[in-house]
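Letters go in sequence order (proteins before strands), and every chain restarts at 1.
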There are 2 protein chains.
Amino acid sequence: MRQIKHPSIDQVELTDIMYALSDPTRLEIVGRLANAGRKMTCGELDLNRPKSSMSHHFKILRAAGIVETLIEGTEHMNALRVEEIEQKFPGVLQSVLRALNPTQ
Amino acid sequence: MRQIKHPSIDQVELTDIMYALSDPTRLEIVGRLANAGRKMTCGELDLNRPKSSMSHHFKILRAAGIVETLIEGTEHMNALRVEEIEQKFPGVLQSVLRALNPTQ
DNA sequence: TCTATAGTTCGATTATATTCGAACTATAGA
DNA sequence: TCTATAGTTCGAATATAATCGAACTATAGA
């Protein structure tokens, strides 16, 4: 079962993270993943856009080190790399997540 | 003495802030302003790029609500809008500033 | 009023992103 | 082995951004 390559956390640049989080679609994906608090498939995170568009956004989130994708069968399970990012850039992702959910 | 228009803090979107901070040049401007802890002219913040390029980046930082520019004589004094942003998006800008300066 | 200084605006060029259909890959299950 | 499902890759069209020279605006000071 072939897996997708991800950058190691020390390869991740702050600008990559900022860039990945500057798009509303990607911000929504990240917000949903955080709220769900569990791995989700791309299908579940579908924002009624074509698969190829969603795939593009997942690619950027992966490249930025924000999302990790594990292949399980025919599904791709996505999870946030919160702990790692928190370690390298304390507060950055967490404060963004908090800004996305003012109600908590 | 004509002044430059800025967005009010409630007009500022999180995506604007993320986008503005996704560029290395702008991130450096923001980092320098934060380290200086005082208003600085565009000239002082010059990163040996043409004036028109720098002006473009300041425009984006202003539009994102990150930088406030006051005209004093022939100079434009730039300051970070840290308190306001902190109020609206707690931790977002501050964590980025901390990530820029790991030594403190 | 003239000149120098600081920065903006304009316009053109080039680079980078977004979007999405169509073709493709990999796996599960019949 | 066939088919359905999940997602990626490719390629082309369109949109958005970065870059920078040249012309412009506004002020300070001589």
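- Within residues 44-55 of chain A, the residues having any heavy atom under 4.0 Å from DNA chain D are, by residue number, Lys51(A), Ser52(A), Ser55(A).
- Both His76(A) and Thr74(B) lie close to DNA chain D; mapped to their nearest nucleotides by heavy-atom distance, the more 5′-ward contact belongs to His76(A).
- Using a 4.0 Å cut-off, some side-chain N or O of Arg26(A) falls inside it from OP1 or OP2 of dT18(C).
- Within the nucleic acid shown, Thr41(B) comes within 4.0 Å of sugar-phosphate atoms alone, with no base atom in reach, counting heavy atoms only.
- Put simply, CD on Glu72(A) is 13 Å from P on dT27(C), counting in whole angstrom units.
- Within the 4.0 angstrom heavy-atom criterion, only backbone atoms of the sugar-phosphate kind lie near His57(B); the bases stay farther away.
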Take Met54(B) and Ile29(B) through the test side-chain contact (heavy atoms from CB on, under 4.5 Å) and record every step on the way to the result. CA-CA 10 Å; Met54(B) 293 306 290; Ile29(B) 292 171; 3.8 Å; yes
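- For the strand DNA chain C, secondary-structure stems (runs of at least three Watson-Crick or G-U pairs, all distances below 3.5 Å) span C:1-30 with D:1-30.
- One atom, NZ of Lys39(B), and another, P of dG7(C), lie 14 Å apart when rounded to the nearest Å.
- Ranking dG7(D), dT18(C), dA18(D) by closeness to the Cys42(A) side chain, first place goes to dG7(D).
- Here dA6(D) presents its C1' atom at 12 Å from CZ of Phe58(A), a figure rounded to the nearest Å.
- Atoms CE (Met40(A)) and P (dA6(D)) sit 14 Å apart, rounded to a whole Å.
- When the P atom of dA28(D) is taken as reference, atom CD1 of Ile71(B) falls 11 Å away, rounded to whole Å.
- The phosphate of dA18(D) has OP1 or OP2 within less than 4.0 Å of a side-chain N or O from Tyr19(B).
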